[in-house]
Amino acid sequence: MRVGVFICHCGNNIAGTVDVAKVAEETRKIPGVAYATTYMYTCSEPGQEEIKEAIKREKLDRIVVAACSPRMHELTFRRTIEKAGLNRYFFEMANIREHVSWIGENRELNTKKAIEAVRMAVAKVMQNKPLYSSSFKINKRVLVIGGGVAGMQAALDCADGGLEVVLVEKSPSVGGMMARLDKTFPTVDCSICILGPKMVDVAQHEKIKLYAFSEIEDIKGYVGNYQIKIKKKATYVDWSKCTGCGACMEKCPSKNAYDAFNFGVAPTRAINIPFPQAIPKKAKIDPKYCRQFTKGKCGVCAKICPTKAINYEMVDEIVTEEVGAIIVATGYSLIDMEKLPEYGGGKYPDVISGIQYERLLNASGPTAGHIVRPSDHEEPKTIVFVSCAGSRDKSIGIPYCSNFCCMYIAKQAILTKDHIPDSQSYVFYMDIRSPGKGYDEFTRRAQEEYGVHYIRGRVSRIYPKGKKMVVRGADTLLGTQVEIEADLVVLGTAVVANSDAAHMAEKLHISYDTSGFYVESHPKLRPVETNTSGVFLAGACQGPKDIPASVGQGSAAASKVQALFSKDMLESDPAIARVNINTCVGCLKCVSTCPFQAIKDKELKDGRVVADVIETVCAGCGVCTSTCPCGAIQLQHFTDNQLLAEVNALCQM
Amino acid sequence: MAPAGFLSKKRMEDFLKEIGKDALVHVPVLEGNVVVFRPYGQNQTINLERPANAPPKAVIFPQSDTFFTFRFIKDPQDPKKVSVEINPPSDFPEAIIFGCRPCDAKGFKIYDKVYIEANGPDPYYMGRREKTTIITLACPAPSAGCFCTALGGGPAEKDGSDILMTDVGEGFYLEPVTEKGDKLLKAQGVAQLIEDGAKYGQEATKRQKDTHDSVKKPFESINYRDLSRDLFDDDRFWEEMVSKCISCGACTYLCPTCYCFNITDEKTLEQGERLRSWDSCMFKHFTLEASGHNPRPTKFKRYKNRIGHKFLWYPEKYEEIIACCGCGRCIRYCPVSVDISEIVSNLRKTE
Amino acid sequence: MPDVALQQELRIIGFLCNWCSYGGADTAGVSRFKQPTDLRIIRVPCSGRVDPLFVVKALLNGADGVLVSGCHPRDCHYSDGNFYARRRLEMLKRLLPFLGIDDRRFHYTWVSASEGARWQETVTNFTKRLHELGPLQLKKEVSS
Amino acid sequence: MDQMKNPYLPELATVVKIIDETPNIKSLQVVFNDPEKMKNFRFEPGQVGQLSIFGVGESTFVINSPPTRMDYLQFSVMKAGEVTAAIHELHEGDVIGVRAPLGNWFPYNEMKGKKILFIGGGIGLAPLRTLILYMLDNRADYGDITIIYGSRTPPDLCYKYDLEDWASRKDVELILTVDNEYPGWDKRTGFVPTVLNEVAPSPENTIAITCGPPIMIKFVLQNLAKLNFNDDHIITTLEARMKCGIGICGRCNIGTNYICKDGPVFSLAKLKALRAEI
Amino acid sequence: MSIEALKETIGKVLKDVDVVIAYKEGFDALHSTPHFITSPEQIDKMIWNPLCVHNLTTYLPSMKNKKVGVVVKGCDSRTIIQFIQEGLIERGKVVVIGIPCKGVISVAKVLKAIDHKPIENISFSDNGDITITSEGEKKVLSLNDVSPDKCTTCQYPTPLIYDHLIGEEIKTEKPAESVYGDIREFEKLSLEERLKYWQGEFDRCIRCYACRNACPMCVCQDSCIAETRDPHWISQRLNLTEKFMFHMIHALHLAGRCVECGECERVCPMGIPVNKLKRKINLDMKELFDYEPGVKLDEKPPMFVFNVEEAKIKEHKI
């Protein structure tokens, strides 16, 4: 065995606090290390060339690079040695930058630590076995979860590229948050007017299969071959018959149903079509309010329905779809206003959220575009907008900025002036965040052209006074307390992850941050990938985003899927569990602990039962290996012997 | 050879201290409920009442023994060139086994044939054997499962011992058996502790005989030719005899005559050693080949080999000596009480 | 941070899951969060890969302390691996003192890839604790 | 301790050449580091050696170069377990340990004047090779030499350099076979025992020597019996897990005989007397 | 119970199975030995008395290709339940003949009580007296005094699972808290004392693997990592480190699975308290997960399952 070791200076990053020459010198003393050298930037093109040269010149058969984190460059160097004819798994990295040079100040101790890190890597690499990927067919269908603007964009881009798309939307219509908006900033064009055609495209695209009012029940499989269980929730209306005529909605006697689409700004009927432009435009019954369900009798809609589409007996249905990649575009939610008691959120009807106000502004909304106070339906004249309602507030666990509130508040203030010319809007803000194209100009217009009064400062309290709401806050620019008696208060409520985001992440095997937003592979360089291959992110499920960013990510995720699907076969990661059938005793404890159901029992010719790994399902966690008492199932590249070699390299010195 | 001597029990500790001056003395010590051989030292309860749970064979044939250590030597000019330096042990310590039983001592005689006589001396075995003196205690009483007399031995068998002690009440009657034993008794410091044994001879003989007569005999005597080869090669016989065997190595590891071993290497990055360690023919992997093939895949085949080895092949090769000393440990300590004497008894030709 | 550099370094072995804790240690590095130098890190895919026997092996063979760190519960890259790890390692933690090994020499915890500061704190405190306990020397005692 | 008499101490030797025989078989040519040892080394065809990879362990291989060619000792190693895998990682110039010669050998003197039939399969040609080369180096002493050799596929044939030579010689009849049709293969196909039947050599004044996988040996022995070969005239070599190599450690015995010491060469008559399960 | 009833049941069961495993007399008066009954004429040789110490279920996993009847005591029956929890036997292929048990003897304790003298005869009376004839003299012992520890705190004298129950059910009178009394007592020692204790005990180990092979729950048997090179957890060196490591492997692989039949400890020829570590883990399993091996059919061993929220596991702070 001839191990070659390359110790990287990383400019001054490593060499600054580690004596790399000493590391090379000590490493060279290890039997089995045939070659050890240092290099300024090993990851550079000439650095990689040097490795390739040395492999040939010194007849090296194992390579160790001591440099940065393997999470950074392991793949780079694996490719390098593969080009030089070695199996890519004959490689180990010793992390002497992030784990040594950057965190320790004592050069001597750092050098010692680096020497030992290399020693461990050498010990491990000597145990490494060549591993070979096997390839498997890709199912070139894609699942898009979420029919908001990001999801729709992703679905359309994929479909236009010729891929079959399964689009799953949990609410009865696609459109998401954008469908609820009146206008968009900074252009102030009609939101549904630009979204509507996309929604229609989604509905009509021959490559897109839409499951509205459906949820992801279960995800099994792996990149290239997922089995998705989708729950089609009962609508109690046979959508194959429903024409969306709306007759049922008109006649429905239950008139106090909660209107989720309008965020409860006004009630709706127990049977309803969420909004006029809904796609699909189909009715559904809310059994919580429907008298047929609550009282056991009514049946008005069934009688009235011209196509006899009503079916009170309908139950949830599970369907299975098979896809090769998943785009997650599950969007966001808004903080529950009750969590903002100082603003009277949820307590005073005339303190509403921005999205509710959006519905009031909207011509197809419950007030037909007339701005009225929820309490008495009078037109407000003094309107106060409060930005950062919840956002940037560590005390309630939302340390981040919700990204687009400043902009929509400016927009809403402008629209308010359009709707009610004699009104006066005030905006309490902490900073105005308007870094997008044309954004800052827009906020200035609100102030300069529309006379919106911007007050820099936090609102400390909102309380009722007669018919008015008193907004008390600080004006930090003037250094004074301000109190405004408002007719209506609009809160720029914080964007939060969906309440089921964590649950969804667990189904997808992707990570989420402390706020529940999904974690991308790399914050700069891999913004729409996740650490689970085959699963991509688009839109606000990854973090608060405005429309153009969400659309951009939808397209980006789609292009990632296209790239993934450009090949017919995918290479599997060979660093998966493997069973030694000679020593497996068939106790099948691994089967019970495998988080991926990737292990089955198999009967051999001689009648013995052993464990059998489904290569493509195994994700390589190694739980089986630490479960197996007889060491028969070994996670390749992290076998007991490989880890023991590292332990021994440290303990046997 | 010096005449028999007498060691008073009161002087036993002095005796052990004296002989321990030049050698490591291994004595049977009571620990909890078991008797084990330990180097003689402080705070020990020496127990001579019953045979030790494990025989003292590890004194001469350690359970793991270093054949040699090795070190990789790198060529300072060319790091690709690595040579190896091999270092076998240069010497073995003087040792004395005190208070083992005649069957234990006889075990070494069975070893000697293989490890010294037949194959050229095994340097590790012989190195220790030559430097070990065996002071045996004639069995004061048989233990459960003992059957030494059926195999031609006996609780006062001298063959294998250097000195035979017989408990005669207030002390031990000491008979030198070999030159080595004789020398030990004549050594100045020791000789001072030994009295004339003449007057205890009769008592010793009586006690020896009493014990001899009380040892159970599952069969009168045995010769390897007496065993039925047909039965031996009949799978059903083994199935009936050893279905209950759980394939552990207690019988072989406690056996004074079992001598099979394994050789394994251990190393760190820089150095290592080649070890000899006890192995057991009862283990499946004993004969398991790298290819997965195993000539003795079942416990029946393995047990058959064990009996074959002790009662057929060893005697066929070595002067008809049965490679079993009848100490009974494999019976006594078998987790499921497999009885080797019963099996051999059943294997005898019925005429 | 205590100046442990003044003392003889101890042998501390850390098993870190690739996705969270190894990343957390990287993050600490990227952030230049200074740490004592005693720890040596072994990268494993998941804390669920860590057989408690590795900990025992390390302690018996000369390690003065062992640290295992994985993703926070519910946040496992492999969804359930750390749930198994938690049970196994808790079992081990309770067993060690029964054998006469101070369980403070073994610590398991959860550090995510973003928690560089938490990692720094973990390493610093664990190293400090071990320096208070001193060398274990089980190997010497046990192999005598 | 006197090292000369210690049978467990390996002699250091250097790998001078490595030949890739088949995808999973390599041959090593080794030379003792001590030139005196090399000069004085004697062995008989069929004897084996234990190769040591220090820190990994030892494994037994037949010396498949003949005693008539003493520039090096050649061993062929199929990758199966830990030691063989380590041997496959060796480079030319690496130092290993050798304990040799061990075991018995082919009774080549008693074969003089007789016709010799070699029947080999796969790496089983290794022990036959040493005897074949020995006989070719003493060609006048022996009658007709026939070699039936087969493997799974053509790439699995060992010693292609020898096969080429033997095929070109007039004083050797070489019959090659592979299990199934294979692109570019124009010689026989079929299993070795079947080919043996097809060739149907006469038992007259002939010694048959066979080595190969156990299943092949089993059927070759059956077929030789059908061809009326006498058990005394059938010779095979056996394999087993070996450790000590000197008949002590207890694992490779067939009754009283230890394959490492009393073998590996056995006549069929002897094996039957030992009640070996073949 | 009457031996005749047992024999009659075994006779019936034998018609249905390939073999019934029971007990017969062993090589001396103090030992019984497992009796593999394959034909009716072998039934007569069988015995039932407090010498029947073995946990016969240990053979079951290796006899999967046969239908087997097996005689079990209360303690042994837990093994059957544990086998079923872990899917190691097919219930349909095992016929369990349960016997309520008032306790068995510990050979080691009896020998100690009679000073390791040879035994000629032993007899048992219903009141728990044992009469031993040794060197011509009779000595009467009480079963309670010479029972293994597991009997003195036995919670399950009546088998928890059986197809046939021979004799009347017995209810335990022993307090549940007593089961781990010795473990709690041991935990009062200092760390140093504990380490010294284990060093002393493990030092006697000869790695014969009797404990492992007698253990019904040691599923690996011939594949045990104590002997393999891949994985290479321990060497064949016979030093204390390796002995210690072997016993840790044994204990950790039995974590939450040990049914406390005590076979490991009974069979150890060197008198090592092998069961103690596993019982300590069991105590923890009980505290952490309210789990007791081999008691309920519908449970799963705690190391192979988890709760997302573990009520009893608190995060450790440094």
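Being a predicted model, the structure only gives us computed values, none of them experimental. A note on names: the letters A, B, ... follow the listed sequences, proteins ahead of strands, and every chain is numbered from 1.
Annotation: Arg94(C), atom CZ; neighbour count of heavy atoms from other residues, nucleotides and ligands within 6.0 Å is above 12. Within 6.0 Å of the CD atom in Gln227(A), the count of heavy atoms belonging to other residues, nucleotides or ligands exceeds 12. With a 6.0 Å radius and a threshold of 12 heavy atoms from other residues, nucleotides or ligands, Glu615(A) has its CD atom at or below the threshold.
Between Asn110(A) and Thr37(C), some side-chain heavy-atom pair lies under the 4.5 Å cut-off. Residues Pro45(C) and Leu635(A) have side chains in contact (heavy-atom distance under 4.5 Å, counting atoms from C-beta outward).
Side chain of Ser626(A) to main chain of Gly48(C): a donor-acceptor pair is present (N/O by atom type, distance under 3.5 Å, no hydrogens or angles). Side-chain atoms of Arg71(A) come within 3.5 Å of backbone atoms of Asn18(C) as a donor-acceptor pair (strictly under, hydrogens ignored). When atom types are taken as modelled, the side chain of Tyr84(C) and the backbone of Val623(A) share no donor-acceptor pair closer than 3.5 angstrom. Remark: the backbone N or O of Glu116(A) is not paired with any side-chain donor or acceptor of Arg40(C) at under 3.5 angstrom.
Of the two parts of Leu508(A), neither the backbone nor the side chain holds a non-hydrogen atom closer than 4.5 Å to a non-hydrogen atom of chain C. Both the backbone and the side chain of Thr627(A) come within contact range of chain C, each with at least one heavy atom under 4.5 Å from a heavy atom of that chain. The part of Glu74(A) that comes within reach of chain C is its side chain, from C-beta onward, which places non-hydrogen atoms under 4.5 angstrom from that chain. The parts of Ser79(C) that come within reach of chain A are both its backbone and its side chain, each placing non-hydrogen atoms under 4.5 angstrom from that chain. Looking at Arg88(C), only its side chain comes within 4.5 Å of chain A, counting heavy atoms on both sides. Heavy-atom distances place both the backbone and the side chain of Leu643(A) under 4.5 Å from chain C. Leu39(C) touches chain A through its backbone: at least one of N, CA, C or O sits under 4.5 Å from a heavy atom, while the side chain does not.
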| message | Show, in sequence, the C-alpha distance, side-chain angles and deciding distance for Asp26(C) and Met72(A), and conclude whether the side-chain contact (heavy atoms from CB on, under 4.5 Å) test is met. | response | CA-CA 10 Å; Asp26(C) 280 357; Met72(A) 182 76 86; over 6 Å; no
| request: Could you walk me through whether Ile13(C) and Leu650(A) pass the side-chain contact (heavy atoms from CB on, under 4.5 Å) test, one step at a time? | output: CA-CA 8 Å; Ile13(C) 300 182; Leu650(A) 286 172; 3.8 Å; yes
| field | Chi angles and distances behind the side-chain contact (heavy atoms from CB on, under 4.5 Å) call for Ile41(C), Met120(A) | value | CA-CA 9 Å; Ile41(C) 291 172; Met120(A) 286 162 74; over 6 Å; no
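For the atom pair CD of Glu105(A) and CZ of Arg32(C), the computed distance is 12.0 Å after rounding to the nearest 0.5 Å. Remark: Arg74(C) CZ to Tyr512(A) OH distance equals 6.0 Å, nearest 0.5 Å.
Highest contact tally toward chain A, considering only Trp19(C), Phe33(C), Phe83(C), is held by Trp19(C) [criterion: heavy-atom pairs under 4.5 Å]. Each of Ser31(C), Ala85(C), Cys20(C), Ala25(C) has some count of heavy-atom pairs under 4.5 Å with chain A, and the biggest count is that of Ala25(C). For the set Glu98(A), His99(A), Glu506(A), the count of heavy-atom pairs under 4.5 angstrom toward chain C peaks at His99(A). Heavy-atom pairs under 4.5 Å with chain C were tallied for Pro70(A), Ala117(A), Ser511(A); the largest tally goes to Pro70(A). Heavy-atom pairs under 4.5 Å with chain A were tallied for Gly81(C), Ala58(C), Pro52(C); the largest tally goes to Ala58(C). Each of Ile42(C), Val123(C), Val44(C), Leu53(C) has some count of heavy-atom pairs under 4.5 Å with chain A, and the biggest count is that of Ile42(C).
Closest heavy-atom contact between Asp640(A) and Phe54(C): OD1-CZ, 3.7 Å. When all heavy atoms are compared, the tightest approach of Gly104(A) to Lys34(C) is N-CD, 4.4 Å. Heavy atoms only, all atoms of each residue included: Gly620(A) and Tyr78(C) are closest at O-OH, 3.6 Å. Of all heavy-atom pairs between Gly622(A) and Arg49(C), the closest is O-CD, 3.5 Å. Summarising the geometry of His77(C) relative to Thr532(A), their closest heavy-atom pair is CE1-OG1, 3.8 Å, with the distance given to 0.1 Å. Closest of all the heavy-atom pairs between Cys651(A) and Ala63(C) is SG-N, 4.0 Å.
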